[in-house]
Amino acid sequence: MVPHLVTALTGPINELEQRVLDSMPAIERWFRLEWMEHTPPFYSAVDIRNAGFKLAPVDTNLFPGGWNNLTKEMLPLAVQAAQAAIEKICPEARNLLVIPENHSKNTFYLANVAQLVRIFHMAGLNVRIGSIDPAIKSPKKIELPNGETVTLEPVVRSKRRLGLKNFDPCTILLNNELSAGTPGILEDLHEQYLLPPLHAGWSVRRKSNHLHSYEELCKRFGKLLGIDPWLINPIYARAEGVDVAEGRGIDVLTSHVDAVLTKVRRKYKEYGINEKPFVVVKGGHSGSGSPGVVTVRDAKEVEALIGKSRTATSSPAKTSAGRDLREPTELIVQEGVLTNERVHNGVAEPVVYMMDRYVVGGFYRVHAERAADENLKQPGASYVPLAFSESAQLPQPGAKPGASAPNRFYMYGVVGRLAMVAASYEMEATDPDAEIYE
């Protein structure tokens with residue numbers, strides 16, 4: 001299934017697809033050299049928007065849930081990638097402890113945990129699930145809608161190690177974004193591998209660090225392909241010290257919104273794009289749920305947006321880190337990327353899943369009630385799986401641009417991996433234990 005593009009402006013994307021396919025040996029070599037110098041995130045998921053004239057990542061998640069949305073066909077790829085990743089980090093690994101989010105009543109999320117357990121069990125590990133939720137005081141078996149069961153067990157912390165009763169893992173896999181802060185029980189684990197590291201959590205991460213890394217990479221990658229980096233990179237700005245409750249920094253936010261919109265208008269004019277530009281304003285340290293994402297089409301709308309947020313006393317639009325636009329914070333103003341893809345007449349965006357350096361699968365997030373310029377991570381979204389088994393790794397040279405599913409998905413995989421390289425740069429730059437060479 002090739003997703004339906006509802007825009008007449010497919011020219012640049014088809015041209016980009018052709019450029020990517022023609023440059024495949026150079027692209028794969030480029031990635032290979034990057035991974036010789038940098039360590040990929042253990043796993044990641046990247047949300048991509050395809051406007052027809054532009055293809056860009058809009059969110060990079062280093063603790064991906066939703067593994068249950070991938071097809072059975074992707075399982076062999078995921079298992080191979082898991083084996084490669086574990087072999088690099090801890091070749092003698094026998095026991096793996098998965099630490100999930102604390103919302104243990106969400107069976108949809110727990111189906112994702114069950115899929116992770118399956119992947120790592122098939123990769124040759126004994127896998128158990130350890131909860132850091134204080135409410136879990138004894139093993140708790142939960143039945144899932146698909147008939148499977150998962151068992152959550154309370155973690156046991158010794159001076160230097162974390163495990164379960166009668167289960168001592170050498171590797172701990174976090175599937176918890178740490179949005180509410182880093183719990184002490186996960187700190188100072190010097191004898192075990194913690195994947196991803198604590199500084200990948202949203203209590204430490206800043207979107208601006210990731211966007212900066214991605215922007216710099218796109219300049220180099222653009223030179224490699226001979227393309228304008230803007231075709232794969234959204235323009236952004238960082239607004240610091242905005243305190244909506246006190247009305248401080250509103251002029252800073254307004255001027256950033258105006259500046260980004262002006263730059264985007266200039267690009268639209270350059271490419272003859274007849275669309276109304278927009279930006280999204282989001283928290284600079286918010287997790288993947290991000291209900292606090294707000295769409296703005298004109299700088300004058302900022303005052304109204306702020307007014308709404310100031311008067312919202314009962315349930316302000318919060319980011320998943322528990323913050324909202326009324327707290328003093330760093331906000332990101334990012335060029336909005338339309339999604340002109342449709343699946344079953346619903347607005348859709350592809351999400352690419354990776355483990356170690358490999359693309360292992362993906363799905364479409366589809367929302368029939370949202371517009372092409374709106375955030376699709378909202379209640380009512382559905383998921384249409386993509387089988388990347390033949391597509392991300394094996395494109396079909398010679399197929400007409402825009403007509404081949406494998407080629408389209410290969411292109412998504414390239415953009416997803418670019419975001420993954422950016423995440424590895426970001427992690428290196430924020431590593432508190434990094435060795436400093438004078």
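What's counted below: heavy atoms across the whole structure, side chains too, no hydrogens, waters or symmetry copies.
Annotation for C218 and P229: closest pair O-CB, 3.6 Å, computed over non-hydrogen atoms. Across V360 and A78, no two heavy atoms sit closer than the pair CG1-CA, 3.8 Å. Nearest heavy-atom pair across L125 and N95 is CD2-N, 4.5 Å. Between P432 and H199, the shortest heavy-atom distance links the atoms CD-ND1, 3.6 Å. Across every non-hydrogen atom of V264 and P277, the tightest pair is CG1-CB, 3.6 Å. Nearest approach of G362 to L70, heavy atoms of both residues: N-CD2, 3.2 Å.
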### Query
Would V79 and F120 satisfy side-chain contact (heavy atoms from CB on, under 4.5 Å), going step by step from the backbone distance to the final call?
CA-CA 7 Å; V79 170; F120 286 96; over 6 Å; no
### Task
Give the intermediate values and the outcome of side-chain contact (heavy atoms from CB on, under 4.5 Å) for residues I172 and I99.
CA-CA 7 Å; I172 297 163; I99 300 210; 3.8 Å; yes
### Message
Run the side-chain hydrogen bond (donor to acceptor under 3.5 Å, both in side chains) test on N175 and N112 for me, step by step, so that the C-alpha distance in whole Å, both residues' side-chain angles and the decisive distance to 0.1 Å come before the verdict.
### Response
CA-CA 10 Å; N175 195 244; N112 143 75; 3.1 Å; yes
### Message
The test is side-chain contact (heavy atoms from CB on, under 4.5 Å); show your working for F221 and I27 and say whether it passes.
### Response
CA-CA 8 Å; F221 194 74; I27 288 170; 3.9 Å; yes
### Task
Please step through side-chain contact (heavy atoms from CB on, under 4.5 Å) for the pair M24 and E28, ending with a clear verdict.
CA-CA 6 Å; M24 190 172 64; E28 294 306 324; 4.2 Å; yes
### Task
With salt bridge (Lys or Arg N to Asp or Glu O under 4.0 Å) as the test, would you mind laying out the steps for R205 and E426 before giving the verdict?
CA-CA 9 Å; R205 263 190 97 190; E426 174 197 357; 2.7 Å; yes
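Without hydrogens or angle criteria, R206 side chain to V204 main chain gives a donor-acceptor distance under 3.5 Å. No side-chain donor-acceptor contact under 3.5 Å links H38 to the backbone of V421. Side-chain atoms of E335 do not come within 3.5 Å of backbone N or O of P234 as any donor-acceptor pair. Between the side chain of S23 and the main chain of V20, no donor-acceptor pair closer than 3.5 Å is present. With hydrogens and angles disregarded, no donor-acceptor distance shorter than 3.5 Å links the side chain of R157 to the backbone of L162. In this structure, Y43 contributes its side chain and F63 its backbone to no donor-acceptor pair below 3.5 Å. When atom types are taken as modelled, the side chain of R365 and the backbone of A348 share no donor-acceptor pair closer than 3.5 angstrom. Side chain of R297 to main chain of F278: no donor-acceptor pair is present (N/O by atom type, distance under 3.5 Å, no hydrogens or angles).
For the 3.5 Å distance criterion, the side chains of N68 and Y383 fail to qualify, holding no donor opposite an acceptor. Judged by distance alone, the side chains of D47 and N61 never bring a donor and an acceptor atom under 3.5 Å apart. For the residue pair Y425 / N209, no side-chain donor-acceptor distance below 3.5 Å is found, with atom types taken as modelled. T39 and S424 form no side-chain donor-acceptor contact under 3.5 Å, judged by distance and modelled atom types alone.
The CG atom of L164 sits 5.0 Å away from the CG atom of L97 when rounded to the nearest 0.5 Å. Within the model, atoms CD of E148 and CZ of R118 stand 4.0 Å from one another, a figure rounded to the nearest 0.5 Å. Distance check: E34 CD to R417 CZ gives 12.0 Å after rounding to the nearest 0.5 Å. Here the CG atom belonging to D188 is positioned 8.5 Å from the CZ atom belonging to R160, to the nearest 0.5 angstrom. Distance CD/E349 to CG/N50: 11.0 Å, rounded to 0.5 Å. Here the CG atom belonging to L173 is positioned 6.5 Å from the CG atom belonging to L195, to the nearest 0.5 angstrom.
Crowding of R94 atom CZ: a count of heavy atoms from other residues, nucleotides or ligands under 6.0 Å not exceeding 12. The neighbour count for E87 CD, taken as heavy atoms of other residues, nucleotides or ligands under 6.0 Å away, does not exceed 12. Heavy atoms from other residues, nucleotides or ligands lying under 6.0 Å from NE2 of H212 number 12 at most. Within 6.0 Å of CD in E143 there are 12 or fewer heavy atoms belonging to other residues, nucleotides or ligands.
Residues Y358 and L77 have side chains not in contact (no heavy-atom distance under 4.5 Å, counting atoms from C-beta outward). V46 places none of its side-chain heavy atoms less than 4.5 Å from the side chain of V351. Between F409 and V359, every side-chain heavy-atom pair lies at or beyond the 4.5 Å cut-off. V414 is not listed as a side-chain neighbour of I232, based on a closest heavy-atom distance of 4.5 Å or more. Here the side chains of K54 and W230 are in contact, with some heavy-atom distance below 4.5 Å. Considering only heavy atoms from C-beta on, W202 stays 4.5 Å or farther from L178 through its side chain. Taking 4.5 Å as the limit, some side-chain heavy atom of M420 sits within range of a side-chain heavy atom of P41. A 4.5 Å side-chain heavy-atom check between P145 and F108 finds every atom pair outside the cut-off.
Salt bridge R220/E215: absent, no basic N to carboxylate O contact under 4.0 Å. With respect to the salt-bridge test (charged N to carboxylate O, under 4.0 angstrom), the residues K267 and D228 qualify. Between R238 and E240, at least one side-chain N (NZ, or NE/NH1/NH2) sits under 4.0 Å from a carboxylate O, which counts as a salt bridge.
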Hey, can you pull the donor-acceptor pairs under 3.5 Å for the side chains in residues 127-139, sequence neighbours left out?
unit_1: R128; atom_1: NE; unit_2: E153; atom_2: OE2; d: 2.8
unit_1: R128; atom_1: NH2; unit_2: E153; atom_2: OE1; d: 3.0
unit_1: S131; atom_1: OG; unit_2: D133; atom_2: N; d: 3.1
unit_1: D133; atom_1: OD1; unit_2: A135; atom_2: N; d: 2.9
unit_1: K137; atom_1: NZ; unit_2: P134; atom_2: O; d: 3.0

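The six-membered or imidazole ring of Y353 lies near that of F363, with a centre-to-centre distance under 6.0 Å.
Note on ring orientation: taking the six-membered ring where Trp is involved, the planes of Y214 and H210 are parallel (angle under 30°, cut-offs 30° and 60°).
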